Amino acid sequence: MKLSLKLGATPEDFSNLPPEQRRKKLQQKVDELNKDIQKEIDQRDALTKMKDVYTKNPQMGDAASVGQKLAEIGHNIEKLRFEVQKFEGWLAEVEGRLPVRNDNSRRQSGLYETQNTTTANNCAQDRESPDGSYTEDQSQETEVKVTPTEFDDDFDDEEPLPTIGTCKALYPFSGENEGTISVAEGEVLNVIEEDKGDGWTRIRRNEDEEGYVPTSYIEVYLDRNAKGAMTYI
């Protein structure tokens, strides 16, 4: 689909943003459109009752004029529903490209929940992820009770995605959007999540700095033996 954009305008599908931030913007847009639809429906219901009153009591008002207004509202609702379908389509596309990040979120949520239970090991066994793939190593991690400070340190050590290769920046990138990271031309960094088809690669500079950069701005050297790396034919 071609989008006609003014110079400097934000694409309607927010394709200029990294996957996670794009998903949030699309979800926000869907929610706003659904609220607008509900407002139109409420107004339609009120006018429908008014039309019934005018029909039964013509001296109180013109039922025909209310009917015209109802037709306009019906048209508005159809337009809004079309917009919702369009943005939901983009949202489904983005969410389909974020399996790793969604899974990490579920694992992180599970780890925080088990910290508040009396028997963490039993809780980890009773609660399974949607695909039932909790690993043995993760269960062992949740058996150890630690202070919040120690937990944060351990979490930082355990949770980061593994390095699946390296990359070299071909051009400088400012990384101004949320979730992105700035790079200098010629800088070499670690790749932790390759491009899933949306034009963004996730990289890490050090333990505290990671984010997305446009794939076209870097030259990627993947370790094909690394877990999470994909081979394209």
Side-chain angles (χ1 to χ4, degrees), residues 1-114 116-117 123 126-133 176-180 193 196-200 202 211-212 214:
M1 179 181 294
K2 292 184 178 180
L3 301 174
S4 57
L5 302 172
K6 296 180 180 179
L7 185 62
T10 300
E12 186 182 16
D13 62 352
F14 303 108
S15 56
N16 63 316
L17 298 175
E20 184 96 346
Q21 284 65 45
R22 184 187 179 198
R23 181 190 65 78
K24 292 178 181 179
K25 287 289 187 181
L26 289 171
Q27 184 62 63
Q28 181 181 1
K29 186 66 176 180
V30 169
D31 293 341
E32 291 174 355
L33 288 169
N34 281 327
K35 288 180 180 179
D36 290 339
I37 290 175
Q38 189 57 51
K39 289 179 181 178
E40 294 288 339
I41 290 175
D42 292 342
Q43 186 176 2
R44 182 189 63 185
D45 293 344
L47 287 175
T48 299
K49 294 178 181 179
M50 183 183 296
K51 182 183 177 183
D52 291 341
V53 172
Y54 289 173
T55 300
K56 296 176 180 178
N57 304 278
Q59 71 277 10
M60 296 182 65
D62 184 7
S65 63
V66 177
Q68 293 177 356
K69 182 63 176 177
L70 284 171
E72 294 177 8
I73 291 176
H75 181 64
N76 291 340
I77 291 175
E78 288 303 314
K79 287 175 60 178
L80 288 168
R81 284 175 175 167
F82 175 79
E83 288 293 302
V84 168
Q85 291 177 355
K86 181 172 63 176
F87 280 94
E88 283 181 340
W90 286 329
L91 181 60
E93 177 185 341
V94 174
E95 289 179 336
R97 292 176 178 173
L98 293 173
V100 175
R101 295 179 64 77
N102 288 343
D103 184 61
N104 283 343
S105 298
R106 288 194 296 267
R107 290 178 58 198
Q108 180 175 351
S109 176
L111 285 172
Y112 277 112
E113 288 173 4
T114 55
N116 296 325
T117 61
C123 181
D126 294 338
R127 187 185 67 259
E128 294 182 351
S129 60
D131 58 2
S133 60
E176 296 176 354
N177 289 323
E178 180 185 359
T180 62
E193 185 179 300
K196 297 183 182 299
D198 47 29
W200 295 87
R202 191 178 178 189
Y212 287 94

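All values derive from a computational prediction rather than experimental measurement.
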Exercise. Output, in order, the C-alpha distance, side-chain angles, deciding distance and verdict of side chain to side chain contact (heavy atoms under 4.5 Å, CB included) for Lys24 and Phe14.
Key: CA-CA 10 Å; Lys24 292 178 181 179; Phe14 303 108; over 6 Å; no

Quiz prompt | Closest non-hydrogen atom pair between Val94 and Pro19, with its separation | solution =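 Distance-wise, the nearest heavy atoms are CG1-O, 3.5 Å.
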
Self-check item: Shortest non-hydrogen contact from Pro18 toward Gly179
Solution: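 Looking at all heavy atoms of both residues, the closest pair is CG-C, 4.4 Å.
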
Roughly how far, to the nearest 0.5 Å, is [atom2] of [Y] from [atom1] of [X]?
| X | Y | atom1 | atom2 | result |
| --- | --- | --- | --- | --- |
| Asp198 | Arg23 | CG | CZ | 13.5 Å |
| Thr55 | Met50 | OG1 | CE | 12.0 Å |
| Trp90 | Glu95 | CH2 | CD | 15.0 Å |
| Ile77 | Arg44 | CD1 | CZ | 4.5 Å |
| Asp36 | Asn76 | CG | CG | 10.0 Å |
| Glu88 | Arg81 | CD | CZ | 12.0 Å |

Practice problem: Could you tell me whether Glu32 and Lys35 make a salt bridge, using a distance below 4.0 angstrom between a side-chain N and a carboxylate O? | Solution: no

Quiz item: Should the pair Asp13-Arg22 be classified as a salt bridge under the 4.0 Å nitrogen-to-oxygen rule?
Solution: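 Yes, this pair counts.
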
Self-check item: Main-chain N/O of Leu17 paired with Trp200 side-chain donor or acceptor, under 3.5 Å
Solution: yes

Practice problem: Apply side chain to side chain contact (heavy atoms under 4.5 Å, CB included) to the pair Lys29 and Lys25, showing each step before the final yes or no. | Solution: CA-CA 6 Å; Lys29 186 66 176 180; Lys25 287 289 187 181; over 6 Å; no

Restricting to side-chain contact (heavy atoms from CB on, under 4.5 Å), what partner residues turn up for [X], sequence neighbours left out?
| X | result |
| --- | --- |
| Asn34 | Val30, Ile37, Val84 |
| Asp42 | Gln38 |
| Gln43 | Glu40, Leu47, Lys69, Ile73 |

Practice problem: May I ask you to test the Lys79-His75 pair for a side-chain heavy-atom distance under 4.5 Å? | Solution: yes

Quiz item: Does the pair Lys51 and Leu70 meet the rule for a side chain to side chain contact (heavy atoms under 4.5 Å, CB included), with working shown?
Solution: CA-CA 9 Å; Lys51 182 183 177 183; Leu70 284 171; 3.9 Å; yes

Exercise. Go through the steps to decide whether Asp31 and Gln27 satisfy the test side chain to side chain donor-acceptor pair (under 3.5 Å), and finish with yes or no.
Key: CA-CA 6 Å; Asp31 293 341; Gln27 184 62 63; 3.1 Å; yes

